[in-house]
There are 2 protein chains.
Amino acid sequence: MTSRSVNATAMSLLGFLHEGPMTGWNLVAAVTRQIGDFWSVTQSQVYRELSTMADLGLIRAGKLGPRDRRPYSITRAGRKVFREWLATNPGPETIRFPLLLTVLFGKHLPPGRLGEFVEDHRKAHEQRRDEYAGLVEAIESATGDEPPDPYIEATVRFGLAYETTVLDWFDSLPPALIGRPEQP
Amino acid sequence: MTSRSVNATAMSLLGFLHEGPMTGWNLVAAVTRQIGDFWSVTQSQVYRELSTMADLGLIRAGKLGPRDRRPYSITRAGRKVFREWLATNPGPETIRFPLLLTVLFGKHLPPGRLGEFVEDHRKAHEQRRDEYAGLVEAIESATGDEPPDPYIEATVRFGLAYETTVLDWFDSLPPALIGRPEQP
DNA sequence: TGGTACATGTAACATGTTACATGATTAG
DNA sequence: CTAATCATGTAACATGTTACATGTACCA
């Protein structure tokens, strides 16, 4: 199976640009909100990739709008490259979850510290779960003429499932590990 | 909360070195097997970090063994740095799951292609799930004098939960999306 | 009129990946 | 004796992160 050579980050941006012209800022927001759970980009990266792709003719910069907004639109060449890339077998996922390292080496921590970290992270994950739940609901109750894209729905459901799993796992941690002593 | 400055990859190696001297090769294997689901390293990286840490005095190279095995052991300074690092708040996780991108943009794919990718990945995830299940069992039925480390158990359980979630999600994909037509 | 969110971009640096070169040991 | 696995390492390159600089528009 031919493997992927071009930059996956760039390609993900191309994918979003199929929906219409977007600025770098918009792209960062869209990626973070919609697929932040399994794909991430930084501003720097996005602007860099946009420049590169513009040089390669995969996208084209539009006129500056208010606030120096610079919308990019995908070109015919861009669509072609994107399709070719998409049809190649995606590689395995990579995850970097520093909190899990902290848990793994938890015996080297003063008691209670791990619990603080977990509580801190729990908030973030609850928030994401709620966001995904909202997205799922919005998709399910989409009105009328534009039927919801089942592919988008599937990815959002992944996000929701992932967050649910993480939160359940937090709940499953033995009290002794996170320094919350058992009821006396 | 003070944030982390030193290299998390290096620190993860230091963590493993607490169990005793290990070679670069061993470290790669240990990380991949035990925590491959939420942390990953490449050989190159490991050898690079080992050199750096040796220069900094955090680890010490032992004598060459057979096959030029070069075991490193952690120093007192290394333990100190590790503990300090571990006690700082870990950052959020990052995930890069290219298959999910392929799903997200699935409408641009020829029918059936997505299904092939999913089947391919399913195998890998089933294997990982089984490995984690084996690890969990081994930990649970650990005999006698050395009680199993509950922190390690917790992380392995995360791996198992994660893989289960991914596989369930695969199963939940509508047949239409993956090109497996409904029963006629 | 002042703060917040919007918006772009560069530079320096850190980290991660791929490809390659080299060779020892072991199992069959 | 030969293939697979073990084992180390370098070099070149690609990607990702952090910090900074600059300024606009909106809204309370």
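Order of the sequence lines fixes the chain letters, A, B, ..., with proteins taken first and strands second; residue numbering starts at 1 for each chain.
B/D68 has its CG atom 14 Å from the C1' atom of C/dA21, to the nearest Å. Between the CH2 atom of B/W25 and the P atom of D/dG9 there is a distance of 13 Å, rounded to whole Å. With rounding to whole Å, B/M22 atom CE is found 11 Å from D/dT8 atom P. Rounded to whole Å, atom P of D/dA14 lies 14 Å from atom CE of A/M11. Rounded to whole Å, atom P of D/dT17 lies 16 Å from atom OH of A/Y47. Rounded to whole Å, atom C1' of C/dT15 lies 18 Å from atom CD1 of A/I95. C/dT10 atom P lies 10 Å from atom CZ of A/R70, rounded to whole Å. One can place CD of A/E49 at 8 Å from P of D/dG16, the figure rounded to the nearest angstrom.
Salt bridge absent: B/E119 and B/K123 never bring a charged side-chain N and a carboxylate O closer than 4.0 Å.
The nucleotide whose nearest atom lies closest to any side-chain atom of B/N26 is, among D/dA7, C/dG9, D/dG9, D/dA7. With D/dT17, D/dA7, C/dT8 as the choices, the nucleotide that has an atom nearest any side-chain atom of A/T42 turns out to be D/dT17. Nearest to the side chain of A/Q45, among C/dT8, D/dG9, D/dT15, sits D/dT15.
Using a 4.0 Å heavy-atom criterion, one finds that B/T9 contacts the sugar-phosphate atoms exclusively.
Heavy-atom distances to DNA chain D give each of B/S44 and B/T94 a nearest nucleotide, and the one nearer the 5′ end belongs to B/S44.
Paired with A/H108 under the rule ring pair (Phe, Tyr, Trp, His ring centres under 6.0 Å), one option of B/W85, B/Y151, B/F82 passes, and it is B/F82. Each of A/T9, A/T75, A/I74, A/L86 was scored for a side chain to side chain contact (heavy atoms under 4.5 Å, CB included) with A/L14, with one residue passing: A/I74.
Direction of the helix axis in the helix from C/dT1-D/dA28 to C/dG28-D/dC1 shifts by 40° between the two five-pair termini, rounded to 10°.
Listed pair A/N7 / D/dA14 fails the phosphate criterion, with no side-chain N or O lying under 4.0 Å from OP1 or OP2. Residue A/T23 has a polar side-chain atom (N or O) positioned under 4.0 Å from OP1 or OP2 of C/dT8. Side-chain nitrogen and oxygen atoms of B/R48 include none within less than 4.0 Å of the OP1 or OP2 phosphate oxygen of C/dG16. Under 4.0 angstrom from either OP1 or OP2 of D/dA7 there lies at least one side-chain N or O belonging to B/R69.
Looking at heavy atoms from C-beta onward, A/H121 lies in side-chain contact with B/N89 at the 4.5 angstrom threshold.
A/F38 has its ring centre no less than 6.0 Å from the ring centre of A/Y162. The aromatic ring centroids of B/H18 and A/F105 lie 6.0 Å or more from each other.
The CG atom of B/D149 lies 7.5 Å from the CG atom of A/L104; values are rounded to the nearest 0.5 Å.
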